[in-house]
Amino acid sequence: MKIATWNVNSIRTRQQQVINWLEHNSIDVLCLQETKVIDKNFPQTPFEELGYNLYVSGQKAYNGVAIFTRHPLEDISTGFAPIVGETLAGDFDEQKRVITGVIDTVRIVNLYVPNGSAIDSDKYDYKLGWLAVLREYLQKLLTEQTREICVCGDFNIALEDQDIYEPKGKEKHIMSSPLEREALKQILALGLQDVFRKFTPEGGHFSWWDYRSGGFSRNRGWRIDHHYLTPKLYEQAISCYIDIKPRKQIQPSDHAPVIVEF
DNA sequence: ATGGCATCCAACGGATGA
């Protein structure tokens with residue numbers, strides 16, 4: 001079984017590329033972020049014709065997440081509120097960034113973590129607040145359920161310096177500032193492991209490259225798209241890799257898909 | 001580098017991304 005995560009930066013713009021990629025890769029579960037479309041306008045049919053079940057949670061212009069699965073999902077929910085309650089979720093569910101469902105004995109959690117804009121901005125505070133609620137959300141899922149969990153998506157955080165092409169001076173940069181790294185480490189301390197590092201200990205592997213200034217051709221990248229697994233799933237994983245081929249195409253997403261295989 | 005490039009809305013410039 002292969003579970004992929006891919007920030008496509010608009011599913012309507014990237015529709016044909018995602019179709020081509022699915023036709024050439026045997027993906028069982030595809031978690032998408034930044035679909036950027038309301039649910040009724042999501043291009044469902046072409047993906048259903050490929051044999052996928054679609055579960056979407058979108059909004060106009062921004063954010064949006066979706067899960068495609070070969071076998072139907074169960075126990076699906078979107079946003080924080082169904083798991084942590086309305087009080088703790090507050091207004092965070094106005095932005096569509098969370099969708100989850102169960103396949104076989106594995107719960108898939110697909111996340112689009114807020115970008116944060118700049119470390120002295122309101123959006124950065126929003127990112128930290130969102131991560132605090134995410135911790136409660138995952139703690140609930142981990143303690144109330146006995147099944148294994150795969151938490152994947154665009155985290156907009158590079159946890160270690162080796163996840164950045166040039167880490168020097170990045171402590172004041174979003175995606176690598178100490179507060180957001182600490183917030184993510186506290187989430188992983190609940191009992192989740194970065195499966196990419198099971199197979200690839202060295203740095204220099206990235207999942208996002210800036211469109212500007214030739215980021216990709218100069219390999220000025222960041223590894224910010226992740227699969228975090230509970231221990232038994234982590235043990236069962238047989239590979240985890242970043243597929244940079246779609247990033248080389250004309251009019252690509254700025255992110256590459258990341259795949260874990262069991 | 002308040003830079004670079006891409007996407008969306010419904011403008012033809014502004015917001016957002018990371």
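Here is how names work: the chains are called A, B, and so on, in the same order as the sequence lines, proteins then strands, and each is numbered from 1. None of these values were measured; they are calculated from a predicted model.
Within the 4.0 Å cut-off from OP1 or OP2 of B:dG17, not a single side-chain nitrogen or oxygen of A:Gln33 is found. For A:Arg12, a side-chain nitrogen or oxygen approaches OP1 or OP2 of B:dC9 to under 4.0 Å. Neither OP1 nor OP2 of B:dA6 sits under 4.0 Å from any side-chain N or O of A:Thr13. Taking 4.0 angstrom as the limit, A:Lys60 places a side-chain polar atom (N or O) nearer than this to OP1 or OP2 of B:dA10. Listed pair A:Ser10 / B:dA6 fails the phosphate criterion, with no side-chain N or O lying under 4.0 Å from OP1 or OP2.
Here B:dC5 presents its P atom at 13 Å from CZ of A:Arg247, a figure rounded to the nearest Å. A straight line from NE2 of A:His255 to P of B:dT16 spans 17 Å, rounded to a whole angstrom. If you take NZ of A:Lys123 and C1' of B:dT16, they are 7 Å apart, rounded to a whole angstrom. Whole-Å rounding puts the A:Trp208 CH2 to B:dT7 P distance at 14 Å. Rounding to whole angstrom units, OH of residue A:Tyr112 and C1' of B:dT7 are separated by 11 Å. Between the CD atom of A:Glu34 and the P atom of B:dT16 there is a distance of 13 Å, given to the nearest Å. Rounded to whole Å, the distance from CD1 on A:Ile250 to P on B:dC5 is 17 Å. Atom NZ of A:Lys172 is separated from atom P of B:dT2 by 14 Å (rounded to the nearest Å).
A cation-pi arrangement is present between A:Lys170 and A:Tyr165 under the rule of less than 6.0 angstrom and at most 45 degrees off the ring axis. A:Arg97 forms no cation-pi arrangement with A:Phe92, by the criterion of a distance under 6.0 Å to the ring centre and an angle within 45° of the ring axis.
Comparing the P positions of B:dC12 and B:dA1 gives a spacing of 32 Å, expressed to the nearest Å. As rounded to the nearest Å, B:dT16 and B:dA10 have P atoms that lie 15 Å from one another. Rounded to whole Å, the separation between the P atoms of B:dT2 and B:dT7 comes to 24 Å.
Considering only side-chain atoms of A:Ser213, the nucleotide from B:dG4, B:dT7, B:dG17 that sits closest is B:dG4. Minimum atom distance to the side chain of A:Tyr62 is reached by B:dT16, of the listed B:dA10, B:dG17, B:dT16. Picking from B:dT16, B:dT7, B:dG17 the nucleotide with the shortest atom distance to the side chain of A:Arg14 gives B:dT7. Ranking B:dG4, B:dT7, B:dC9 by closeness to the A:Arg212 side chain, first place goes to B:dG4. Listed nucleotides B:dT7, B:dC9, B:dG17 differ in distance to A:Asn9; the shortest reach to its side chain belongs to B:dT7.
The shortest side-chain heavy-atom distance between A:Pro246 and A:Pro257 falls under the 4.5 Å cut-off.
Heavy atoms of A:Asp225 sit nowhere under 4.0 angstrom from any nucleic acid atom.
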CA sep, side-chain torsions, deciding dist, call: A:Phe155, A:Tyr228, ring-ring contact (aromatic ring centres under 6.0 Å, His included): CA-CA 11 Å; A:Phe155 284 75; A:Tyr228 293 122; 4.9 Å; yes
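Here the options are A:Ile19, A:Asn53, A:Leu32, A:Leu30, the test is side chain to side chain contact (heavy atoms under 4.5 Å, CB included), and the partner is A:Phe47; only A:Ile19 passes.
Residues A:Trp209 and A:Trp222 keep their aromatic ring centres 6.0 Å or farther apart.
A residue-by-residue look at A:Arg97 and A:Gly214 shows that A:Gly214 has its nearest nucleotide of DNA chain B further toward the 5' end. Checking A:Ile11 against A:Ile174, the closest nucleotide of DNA chain B that is more toward the 5' end is the one next to A:Ile11.
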